[in-house]
There are 2 protein chains.
Amino acid sequence: MKKIINKLNKAFDNKVRLGIMSMLMVNDWVDFKTLKEMLDLTDGRLASHIKSLEENEFIDVKKEFVGRKPLTSYSATKKGRKAFSDHLDALEELLKNR
Amino acid sequence: MKKIINKLNKAFDNKVRLGIMSMLMVNDWVDFKTLKEMLDLTDGRLASHIKSLEENEFIDVKKEFVGRKPLTSYSATKKGRKAFSDHLDALEELLKNR
DNA sequence: TAGTCTAACTTTGAAATTCAAAGTACTTTT
DNA sequence: AAAAGTACTTTGAATTTCAAAGTTAGACTA
């Protein structure tokens, strides 16, 4: 019981990053605009949190054109899935007696 | 689905406050020293997070003497329980497809 | 009775985080 | 040529977080 909270990953203590990762755990690839709408964010705010997840290598990026428009999509890496899953396990453990 | 993350309570995005509230959801009264040890915190850090939860009226304080020593204990208020429970519901909803 | 200890804080200051707002680059549509 | 769409980046300021040191008050100790 001594240090469960230390198993919680700092990368996921923020709402936005939690939201992004949740989306990416369920859906293989999610594009920028969808994330933005789902999470009700401005471009800048979304982009900055995406960047930090990328820097942690928790998500991958794919850039393509659909029709004539650019489409940037994201997916959780194996490392990201593991980290997020571990984080949720720690959360669950912390809260198991709710 | 549009704004689940907005239901997450800012008061609980921090590890320490999450930890404190978890303890207080399970145990009626928990004293300062126990919290400190359970959560592996310094006095100051614990005290400051407790203060913010108090200011939100999420926890109550009880000061007494046991033997000849002061003993300060904390419990979750009704308001605190509700807020925390709502927060966990939002978390669950966000993560339900894990 | 002067000094030390324990419990529970408070204060201070600096680092880290978060965010809104504005700006950028490239392309398509009108 | 101008406006709009997509996906950012930059800037600066507010907020949050934390470690470290200082404080208070009573209790015990020499």
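A note on names: the letters A, B, ... follow the listed sequences, proteins ahead of strands, and every chain is numbered from 1.
Heavy atoms of other residues, nucleotides or ligands lying less than 6.0 angstrom from NZ of B:K82 number 12 at most.
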Atom pairs, protein N/O to nucleotides 25-30 of chain D N/O, distance under 3.5 Å:
{"unit_1": "D:dC28", "atom_1": "OP2", "unit_2": "B:R68", "atom_2": "NH1", "d": "3.3"}

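A:K15 contributes a side-chain N or O that, together with a main-chain N or O of B:L8, makes up a donor-acceptor pair within less than 3.5 Å.
Of the side-chain N and O atoms in A:R17, none sit less than 4.0 angstrom from OP1 or OP2 of C:dT17. Taking side-chain N and O atoms only, A:T42 has no distance below 4.0 Å to OP1 or OP2 of C:dC19. Between B:Y74 and C:dC9, a side-chain N or O to OP1/OP2 separation shorter than 4.0 Å is present.
Atom-to-atom, CG of A:D31 to P of D:dT6 comes out at 10 Å; the value is rounded to the nearest Å. Atom-to-atom, CZ of B:F32 to P of C:dA7 comes out at 11 Å; the value is rounded to the nearest Å.
The listed nucleotides are C:dT18, C:dA8, D:dT6; the one nearest the side chain of A:K33 is D:dT6.
Within 4.0 Å (heavy atoms only), B:K36 reaches no atom of the nucleic acid at all.
A:F84 and A:F12 have their aromatic ring centers within a separation under 6.0 angstrom.
DNA chain C is contacted by A:R45, A:H49 of residues 45-62 of chain A, taking any non-hydrogen atom closer than 4.0 Å. Residues from residues 8-16 of chain A that place a heavy atom under 4.0 Å from any atom of DNA chain C, listed by number: A:D13, A:N14.
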